[in-house]
Every structure is written in structure tokens, then in C-alpha cells.
Visitor: 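Here it is: the structure, laid out below.
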Amino acid sequence: MSSPPPGPALLGYHEATALVAAHAAELRRVPPPVEIVELAQAVGRILACPLAADRDQPPFARSTRDGFACRAAEASTHKPLAVAGATRAGLAPAGPLLPGTAWEIMTGAPIPSGADAVVMLEHVQAADGRVRLLPPRTVEPGENIVARGAQARAADEMLPAGTAIHSAQIALAASCGHATLPVYARPRVAILTTGDELVPVASSPAGGQIRNSNGPMLAAMVAAAGGDPWVLPTAADTPQALDAALAQALEADLLLITGGVSAGKFDLVEPALARIGARFHFTGLRIQPGKPLVFGELPTSGATSVQNENGTKCIQPGKPLVFGELPTSGATSVQNENGTKCNENGTKCFFGLPGNPVSSAVTFLLFAAPILAALAGSREPAPRFALAQMAPSPVDRGGKPGLTRFLPAFCTFSSLDGQLPQVAFVPWQGSGDLTALARSNCFLVVPEDAHSLPPGSIVRILLP
Ligand code: AMP
Ligand code: MG
């Protein structure tokens, strides 16, 4: 009961990836608008300006141990040194350290001038105000000290614009005194589900109806990828309903439409897109799941206005040298009349994702996520792949020839020392199998020409 292989006209996975990457690169030439947010609200956002050090990091030579600051050459003779004083974290640097003396010091405290090493508390004998490094141990100059400015010099760039802000970046910003951060505005992503059979999550489906699961799924995926999801009411499978819904969706920065892009009698999305002037880059790919995927551009309503970079230049929050500026040379911010972002040629991208949930998820990750990352100003590559090793797993029953496949799989990342992550197929009933999708944590990439993926072989996985 296998269907014929797809025609040669369909693009393969690699060609489609290159095409989408070229569009993403074009979108990246235009930096998104900038907002200032409280530091605590910046998690998950994209840094809009380089983050520079406000002062040397660390701001003073600091001890990495509890112990005694000393001159390495003196301590290494193993002669007792008189303890001349003590500095704990938070105190000003002491010194100068006189010859023949040591200085008690705590982790994070500034090194007294004249000292060039710290001997650890555990490595000394201390009694009667004197301390001696226990032989045969010796100490080298610089040991247990982080020099002033070792991590960054004042005004050095520590993070480039486009960095995704997680807990570590928040900590670094806090250490440089930023109560607020400039971040790129999130692109607004319209999510338009289509299909007469769909009812909202809270409704009880009548016979033949199903709940709309793609809407909530894609909203979660868009938010995780740095977009601002805008879930529209589901459109019925009629030209009138689709025309009205698309007219509304055009207000977004990116359009994701699900369902209605296959070859069925009620798959009316492509003609509706064509009616509003869509240019199709591809309508179908040699992949599984996700073969019916559609990608293209729509003309944006009205005239476009091209602002120069001053319109979106980052705001200096009152601290000189802390933030750089967005590049000004030739960079332009392009918006259409209603303020949404569009390409320099005044178009905006859309994807017609297949309605089947696994197909929607896979095609979003592979193709919509890179476009969304570009619109969001993120430097992080999308999609993300990793290598893993095939575990003994239920046999994949094979698929249609000539298709690159992305099959729901579960990868165990906590594998034994020296062992690659182990990945196994999740048994699935095809691209409508939401249970398999929810039981998976990655997709196993089966290349077009792969006949089998034997246990132990090294394979690529697509990460969510
Ligand atoms: P289509 O791409 O419209 O032919 O739909 C393919 C399959 O996906 C059909 O079984 C649809 O019922 C299902 N489907 C379409 N849209 C959704 C949705 N939003 N949520 C869940 N399933 C969907
Ligand atoms: Mg449909």
C-alpha cells in the first residue's frame, strides 16, 4: 500500500534549508526595534546591544582560596612567615606585604600588594602567629590568584548583540550594574489553524471533530523560539473564511498557517495565499513528515517606509561605556505602514505547515525557527542538531524512498562516561501521532539514502 515516490520537482531537504537560510540572512540585515526591560524580565529575550564591562573584571586581584597570601619564592623555602594581618571578602586591598610575612586571606578577598601567590589553608602549618608551607609542597607565582582584569578590561565587549539572555547573562549584567537591559522586540507571529473538523480546546468534539492541538503547540514553540505568538480563531475550509483570516494575519511579522496545504479537495490555503499575491518559494519537500510544507512571501499592505538606523538605535541607560551601539553603516530598519517588520523588498514570510501535528512540529523546527530567529535578532543557530548513538530499539519499519526523515525519538543524554547519548525511535503511527510526539525528546534524522540505522551507529538528532 505504498504511495509512489515524490516527483523530481520537489526540493530536497538540503536545498530547502539553503533557501530558507538565504531568506533568514536577508532578514538579519535589518535589526529589530529595541526595548528596555527590567533585568528580571530579560530572561528569554535577545540582547540588543553589546554588553561591555563597566570596570575591570575582576575589579581587583582576588584570592580563589581561603589561605595565606605570600611571596611564592619565600613560602617555597618552607621557612615560617609571620602572619601580618587578615583580609576577608568585602574589605579594601591591604598591604604592602613586608618581606618574611604572610597575610591571612579568604576566598574572594583582594590580594594585598606585594603578595604574588596564595597558599591554601589545608597546605600550611599555622601556630603562634606564624605560618609555614608544608614540604614537599611548593607554590608558583600567580597560584590561587585571579589577576585584576583577567576576565575583561573596563569597556571590553563581554557579550555581543544577539546573545540569548539566560541566567548566566543576567548574572553577568547584574555584576556590571545593569538594572535594565536593551532587548530586541519580539516578532509577532500569527498562528492560523484551519480545518472544519477543529474545535477549541475547551469544547467537547462532536462526532468526527477533533480539538485544535496545533494552535497551543505552535504558540509554545513560537514563544520558546523568541517570538510573540498571536493565535487567531480557527478558519473554516472555505475561501471566504480563509480570505478574512489571512487579511487579519497579515498584521503579524511572520505567518504560520496550519492545515489545508495537502492535495485534498478542502485544502484551500494555497489558492487563498495566491489571491493576496503570495510568491511561493516551495510547495512541498522530499521530507517525512512534513512533505506538504509551503514557504513563501506576501506583499505587505500599503507603502513601506524605510527608516535609517537612528530610528532604532539602542538607548543608553545613563552609563557611559557600558553598551555599544548597533552598527549604523548601511543598516536600515524596514517596516510597513502598520509597523510590522518586513523584508527590504516590502514582503513578509509565511509558512503553510501541514496539519498533522508531528509534521507541523518538525517543519516548524526545521524551517520556521530559522526565519523566526532572524526576525528576533538572535545569533543562536536554528535548527539545532547533535550526534548520538543508536540504541537497540524497536525497528523503524522503513519509509518512502527518496525522503529525508525526522522521526520521533528519545535520547538519553545522561549516558555513561565516555559514551555518546543513546537514541531510540519512539514507536509511532505516522504524522498524526501526537502521543509519540509527546513521548519523544528529539527527532532522529534518517538521510535520504539511508537503508537502515543499525544499533551502535552514529546518527544525527534534531533537538526541539
Ligand atoms: P490537513 O493538512 O488540513 O489535510 O490536515 C491533516 C491532518 O491534520 C488532518 O487529520 C487534520 O484533522 C489534522 N489537523 C489539521 N489541523 C489540526 C490542528 N490544528 N490540530 C490538530 N490536528 C490538526
Ligand atoms: Mg484540513
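All ligand and atom numbering here is 1-based and tracks the order in the structure.
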Visitor: Counting C-beta onward and ignoring hydrogens, is there a side-chain heavy-atom pair between Arg286 and Glu15 closer than 4.5 Å?
Guide: yes
Visitor: Check this for me: Arg153, atom CZ, are more than 12 non-hydrogen atoms of other residues, nucleotides or ligands nearer than 6.0 Å?
Guide: yes
Visitor: Are the side chains of Arg405 and Ile287 in contact, using a 4.5 Å heavy-atom criterion?
Guide: no
Visitor: Under 4.0 Å from ligand 1, counting heavy atoms only, is it the side chain of Leu198, its backbone, both or neither?
Guide: side chain
Visitor: May I ask you to identify the nearest protein heavy atom to atom 2 (O) of ligand 1, giving residue, atom name and distance to one decimal place in Å?
Guide: Gly355 N, 2.9 Å
Visitor: If you count the atoms of ligand 1 from 1 in the order shown, which ones are under 4.0 Å from a heavy atom of Thr193?
Guide: 19 (N)
Visitor: What protein heavy atom sits nearest atom 19 (N) of ligand 1, and how far away is it?
Guide: Asn212 OD1, 2.9 Å
Visitor: Pick whichever of Gly260, Ser359, Pro357 has a heavy atom sitting closest to atom 1 (P) of ligand 1.
Guide: Gly260
Visitor: Nearest protein heavy-atom contact for atom 12 (O) of ligand 1: which residue, which atom, what distance?
Guide: Glu197 OE2, 2.5 Å
Visitor: With a 4.5 Å limit on heavy-atom distance, are the side chains of Val423 and Phe443 in contact?
Guide: no
Visitor: Indicate, as side chain, backbone, both or neither, the part of Ser213 found under 4.0 angstrom from ligand 1 when only non-hydrogen atoms are considered.
Guide: both
Visitor: Got Leu192 and Leu255 here, is their nearest side-chain heavy-atom distance under 4.5 Å?
Guide: no
Visitor: Does the side chain of Leu366 come within less than 4.5 Å of Leu293's, by heavy atoms?
Guide: no
Visitor: Tell me, which protein residue and heavy-atom name are nearest atom 22 (N) of ligand 1, and how many Å apart are they?
Guide: Ile210 CD1, 3.4 Å
Visitor: In terms of atom number and element, which parts of ligand 1 are under 4.0 angstrom from non-hydrogen atoms of Asp267?
Guide: 3 (O), 4 (O)
Visitor: Which heavy atom of the protein is the closest neighbour of atom 7 (C) of ligand 1, given with residue, atom name and distance?
Guide: Asn356 OD1, 3.4 Å
Visitor: Side chain or backbone of Asn214 under 4.0 Å from ligand 1, or both, or neither, by non-hydrogen atoms?
Guide: both
Visitor: What are the atoms of ligand 1, with element, lying closer than 4.0 Å to any heavy atom of Ser262?
Guide: 2 (O), 4 (O)
Visitor: Could you check if a side-chain atom of Ser63 sits within less than 4.5 angstrom of a side-chain atom of Met106, using non-hydrogen atoms only?
Guide: no
Visitor: As a test of understanding, state which of Phe295, Phe350, Phe351 forms a ring pair (Phe, Tyr, Trp, His ring centres under 6.0 Å) with Phe280.
Guide: Phe350
